[in-house]
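Below you'll find the structure, written out as structure tokens, and then a few comments.
Just so you know, ligand 1 is whichever comes first in the structure, and atom 1 is the first atom listed for that ligand.
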Amino acid sequence: MGNELHDLFSLQGKTAVITGASRGLGAGIAKGLAKAGADIIGVGISDMSSTQEEVERYGQTFTSIQMDISENGRPAQLKSEVLQQVDRVDIVVNNAGIIRRSAAEEYSDEDWSAVIQLNQNIVFQMCREFGKHMIDMGGGKIINIASMLSFQGGLRVPAYTASKHAVAGVTKSFANEWASRNVCVNAIAPGYMETDNTVPIREDEQRNSFITSRIPAGRWGKPEDLQGAAIFLASPASNYVSGHILCVDGGWMST
Ligand code: NAD
């Protein structure tokens with residue numbers, strides 16, 4: 001029984017590519033997948049040594065690829081680089097994302113384009129490129145990082161909201177075509193999480209206390225809070241789960 005339960009959630013022998021693995025949610029997910037036995041390939045533009053140390057503490061390998069993935073074509077380039085190092089990729093977590101804040105009436109074309117490019121266009125290209133590889137390999141798991149703003153409008157972040165709605169749409173669209181080919185495409189929608197991304201709203205006392213009072217769990221989430229959901233969606237336990245957007249939000253969406 002113990003072994004069967006272990007096998008259901010085990011990532012032993014699997015390789016996971018995680019974008020934006022240097023800090024925040026990407027680092028938390030990398031550690032979680034390593035705990036379950038996956039080797040990690042971290043992709044990003046900043047130092048990933050602290051994630052590497054933690055992954056290695058769980059006895060897994062960590063390969064760092066320094067790459068700004070925000071230009072068109074980078075996901076295809078990344079796939080070639082990764083496949084020079086490993087024979088197959090079993091799990092991809094599309095986590096890297098940015099947010100730019102300003103009032104809707106002042107929102108610039110530049111901010112709109114930058115956010116849509118990384119959070120939406122690149123997620124589409126990552127799914128297409130790595131999904132193709134997974135189809136060739138007979139299966140795989142893609143986990144996109146969505147948001148509460150895949151469902152709600154938010155404030156001062158129109159491009160982010162549009163891009164995260166698109167992440168939900170891309171997830172469902174690819175999931176429909178690939179479920180029969182053993183490629184599961186799902187998303188995690190984190191609630192309000194303590195990372196660099198949310199420093200400005202956590203420093204705004206009024207917004208911070210308004211948000212905290214609305215979270216049924218009574219606290220902001222931490223990167224570690226995503227580990228269970230990520231392991232589930234990366235493991236055989238979720239083999240019949242396709243096109244799902246899993247909220248990990250302390251109950252925010254139910255209020
Ligand atoms: P973060 O800013 O702490 O980390 C983002 C990571 O992405 C960093 O490692 C950064 O180096 C990397 N990155 C940024 N631009 C890149 C590029 N061009 N190429 C490669 N890597 C790049 O953010 P976070 O809060 O950990 O957010 C991670 C994901 O979770 C994002 O998609 C974000 O939208 C989403 N999210 C965050 C929250 C939250 O409350 N923090 C809530 C919902 C969703």
**Request:** Just say parallel, tilted or perpendicular for the rings of Y107 and W112, cut-offs at 30° and 60°.
**Result:** perpendicular
**Asked** Taking the six-membered ring for Trp, are W220 and Y192 parallel (under 30°), tilted (30 to 60°) or perpendicular (over 60°)?
**Response** perpendicular
Are there more than 12 heavy atoms of other residues, nucleotides or ligands under 6.0 Å from atom [atom1] of [X]?
X	atom1	value
D109	CG	no
D87	CG	no
K79	NZ	yes

Where is the nearest protein heavy atom to [atom]: which residue, which atom, and how far?
atom	value
atom 40 (O) of ligand 1	M193 N, 2.9 Å
atom 3 (O) of ligand 1	R23 NE, 2.9 Å
atom 25 (O) of ligand 1	T195 OG1, 2.5 Å
atom 12 (C) of ligand 1	G20 CA, 3.6 Å
atom 27 (O) of ligand 1	N197 ND2, 3.7 Å
atom 43 (C) of ligand 1	P190 O, 3.5 Å
atom 17 (C) of ligand 1	D68 OD1, 3.8 Å
atom 11 (O) of ligand 1	S46 OG, 3.1 Å

**Prompt:** Under a heavy-atom criterion of less than 4.0 Å, does R74 contact ligand 1?
**Reply:** no
Taking [X] for the side chain and [Y] for the main chain, is one N or O donor matched with an acceptor at less than 3.5 Å?
X	Y	answer
S213	F210	yes
Q60	G37	yes
S238	F232	yes
T19	A96	yes
D39	T15	no

**Request:** Verify the cluster assignment for I122 and I188: are they in a single hydrophobic cluster under the rule of side-chain heavy atoms below 4.5 Å apart?
**Result:** no
Check each atom of ligand 1 against the heavy atoms of [X] and keep those under 4.0 Å away; list them by number with element.
X	value
A146	43 (C), 44 (C)
M67	19 (N), 20 (C)
T198	39 (C), 40 (O), 41 (N)

Please work out whether any backbone atom (N, CA, C, O) or any side-chain heavy atom from C-beta onward of [X] is under 4.0 Å from ligand 1, and answer side chain, backbone, both or neither.
X	result
I69	both
K164	side chain
L118	side chain

Ligand 1 and [X], any nitrogen or oxygen pair closer than 3.5 angstrom?
X	result
L25	yes
Y160	yes
G44	no

[options]: member with heavy atom nearest to [atom]:
atom	options	answer
atom 32 (O) of ligand 1	N95, L226, I201, I145	N95
atom 22 (C) of ligand 1	P223, A96, G191	A96
atom 9 (O) of ligand 1	G24, G28, A21, S22	S22

**Prompt:** Does R88 reach the side chain of D136, with side-chain heavy atoms less than 4.5 Å apart?
**Reply:** no
**Flag side-chain contact, heavy atom, 4.5 Å: D225 against R219** = yes
